Amino acid sequence: MSSSYAIFAVALAFTTAATVLPSVESSRAFFVFGDSLVDNGNNNYLATTARADSPPYGIDYPNHRPTGRFSNGYNLPDLISQELGAEATLPYLSPELTGKKLLVGANFASAGIGILDDTGFQFVNIIRMYRQLEFFEKYQQRVKSLIGEEESKNLVNKALVLITLGGNDFVNNYFLTPITVRRLQYNLQDFNHLLISDYKKILQRLYDLGARRVLVTGMGPLGCVPAERATRSTDGQCAEEPQRASEIFNNLLIQMIATLNQEVGSDIFVAVNAKEIQNDFIHDPLAYGFVTAKVACCGQGPYNGIGLCTPASNLCPNRDVFAFWDPYHPSERANKIIVRTIFNGSEQYMSPMNLSTIMKLDSMA
């Protein structure tokens, strides 16, 4: 999987000789961390094979051109931003991320990365999590020079943060080949405990860097993506072992987040149960307007689940009726369903609260 929402335009009244930055004190910045599920173009600036910068990626984006998003159109951060009427964040590596654009936030995500540093080694030059956090520190220094230390701290504290990790640690690490180093070291339960332990350290570091509202997406139903059906299932049903991996991961993640919130004394972190959200339309696609949740729109081989999405791939004519765009990534329309649940879902999907509740609470603070 190469596998993992810009929210509000933030600005303060700030005047230089040439520029006046608008004052929008009620809005907030948006920061995105993670993998290909939320990367909006950082890997375009890297010498890596983990990229989505060629057709037919972006076929349904407004300009119908590939943007680096692993989607036929918008991805999760884009759709969260739209839901909130906000400007989309730019990739951190984009040369356009300067001046008042910095106050909107930034997307640090990079396709191919995982919780573990050795995940995605085959992609070579990707922005691993420790590096994304370093970039977040550098970002804050840039903003500090723009609006001052106190206002920079305030911008980060009030920001919304999205982080999406975990899928690649299985697809591009534990399950990468029939025998892997991690598989020799750990059984499935113990490997998940390792991931959650390291994930907690990442979240603690985000907290130390000033993050105070963090959406943490769990792993989707990994065994049900077209790639796993094609390569690890004999009858086209959801592959058992990857499904078990995502079940264990999500349960442990929810427990860890509850513990972490207790430790920091506030509901800073919110678990997004991506597996439960996606299970709804994967197990009953017709109820959500999809004709299939088994076959990817773009790909080749069984279920279009083999290899990459390329100009030579099979391509469906109507992306809106496919739950999966490529062998691993949801279609734009599936992402819209996920985002609606992030905003309005019950505790079955969002723990301890959904994003609408967060926004309401923060507006009263």
Side-chain angles (χ1 to χ4, degrees), residues 4-12 14 16 19 21 27-48 50-51 67-69 77 81 86-117 119-120 123-165 198-216 268-269:
S4 21
Y5 315 58
I7 299 199
F8 314 125
V10 172
L12 292 173
F14 178 80
T16 65
T19 307
L21 301 183
S27 57
R28 68 204 304 174
F30 184 39
F31 302 111
V32 181
F33 301 86
D35 56 28
S36 62
L37 289 168
V38 292
D39 181 0
N40 68 344
N42 277 308
N43 280 22
N44 288 357
Y45 302 94
L46 303 172
T48 178
R51 49 202 301 147
T67 62
R69 293 165 173 82
S81 298
E87 183 179 348
T89 54
L90 290 170
Y92 180 73
L93 297 183
S94 170
E96 296 178 20
L97 186 66
T98 184
K100 66 181 181 181
K101 292 286 187 183
L102 286 165
L103 305 182
V104 177
N107 186 315
F108 302 89
S110 177
I113 69 112
I115 296 168
L116 304 178
D117 283 347
T119 290
F123 302 124
V124 187
N125 192 19
I126 50 182
I127 314 171
R128 304 185 188 283
M129 263 316 302
Y130 72 89
R131 188 63 171 157
Q132 290 186 29
L133 294 173
E134 287 179 359
F135 282 161
F136 189 35
E137 290 184 83
K138 292 181 178 180
Y139 163 89
Q140 293 188 41
Q141 292 299 319
R142 294 171 66 187
V143 172
K144 190 182 301 182
S145 67
L146 185 66
I147 59 176
E149 183 171 357
E150 189 63 30
E151 294 299 346
S152 175
K153 180 181 178 182
N154 187 54
L155 181 147
V156 172
N157 288 164
K158 289 185 175 181
L160 185 69
V161 177
L162 172 70
I163 183 167
T164 299
L165 291 170
D198 280 16
Y199 208 166
K200 184 178 182 182
K201 295 173 185 175
I202 291 167
L203 297 180
Q204 287 172 322
R205 182 59 182 150
L206 270 176
Y207 180 82
D208 292 341
L209 291 171
R212 293 297 180 266
R213 283 296 190 196
V214 185
L215 299 174
V216 186
I268 302 295
F269 302 96

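Only a predicted model underlies this, so the values are computations on that prediction, with no experimental measurement involved. Note that these values count all heavy atoms, side chains included, but never hydrogens, waters or copies made by symmetry. Note that the numbering runs from 1 along the sequence shown for the chain.
Contact annotation: the side chain of Val156 approaches that of Phe136 to within less than 4.5 Å [non-hydrogen atoms, C-beta and beyond]. For the pair Asn44/Thr67, no side-chain contact is recorded, criterion being any heavy-atom separation below 4.5 Å from C-beta on. In this structure, Phe123 and Asn43 have side chains that are not in contact, with every pair of non-hydrogen atoms separated by 4.5 Å or more.
Tyr92 meets the ring-ring contact (aromatic ring centres under 6.0 Å, His included) test with Phe108, Phe135; sequence neighbours excluded. For Asn40, the side chain to side chain donor-acceptor pair (under 3.5 Å) criterion is met by Asn107, not counting sequence neighbours. In terms of the side chain to side chain donor-acceptor pair (under 3.5 Å) criterion, residue partners of Arg213 (sequence neighbours excluded) are, by chain and number, Asp362. Remark: Thr48 engages no residue in a side chain to side chain donor-acceptor pair (under 3.5 Å) (not counting sequence neighbours). Under the side-chain contact (heavy atoms from CB on, under 4.5 Å) criterion, Lys144 pairs with Gln141, Glu149, Ser152, sequence neighbours left out. For the side chain to side chain donor-acceptor pair (under 3.5 Å) test, residues two or more places apart in sequence or in another chain that qualify with Arg131 are Glu134. Glu96 is linked by a side-chain contact (heavy atoms from CB on, under 4.5 Å) to Leu90, Ser94, counting only residues two or more places apart in sequence or in another chain. A search for salt bridge (Lys or Arg N to Asp or Glu O under 4.0 Å) contacts involving Lys101 returns Glu87, not counting sequence neighbours. With sequence neighbours excluded, no residue forms a salt bridge (Lys or Arg N to Asp or Glu O under 4.0 Å) with Arg212.
A pairwise comparison of heavy atoms in Ala106 and Leu97 identifies CB-CD2, 3.9 Å as the closest pair. The two atoms that bring Ile127 and Gln132 nearest to each other are O-NE2, 2.9 Å, heavy atoms only. Annotation for Thr98 and Arg142: closest pair CA-NH2, 4.2 Å, computed over non-hydrogen atoms. Summarising the geometry of Arg128 relative to Asp117, their closest heavy-atom pair is NH1-O, 3.1 Å, with the distance given to 0.1 Å. Considering every non-hydrogen atom in both Gly105 and Phe31, the closest pair reads CA-CE2, 3.6 Å. Closest of all the heavy-atom pairs between Leu155 and Ala29 is CD2-CB, 3.6 Å.
Rounding to the nearest 0.5 Å places CG of Asn157 at 11.0 Å from CZ of Arg28. Taken from CD1 in Ile115 to CG in Leu165, the straight-line distance is 5.5 Å, to the nearest 0.5 Å. Here the CE atom belonging to Met129 is positioned 6.0 Å from the CD1 atom belonging to Ile113, to the nearest 0.5 angstrom. For the atom pair CG (Leu133) and NZ (Lys201), the distance works out to 13.5 Å, reported to the nearest 0.5 Å. Between the NZ atom of Lys100 and the CG atom of Leu146 there is a distance of 11.5 Å, given to the nearest 0.5 Å.
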For residues 204-211, run the donor-acceptor check on the side chains, cut-off 3.5 Å, and write out each pair with its distance to 0.1 Å, sequence neighbours left out.
unit_1, atom_1, unit_2, atom_2, d
Arg205, NH2, Glu137, OE1, 3.2
Arg205, NH2, Glu137, OE2, 3.3

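No hydrogens or angles considered: nothing links the side chains of Ser110 and Asp39 as a donor-acceptor pair under 3.5 Å.
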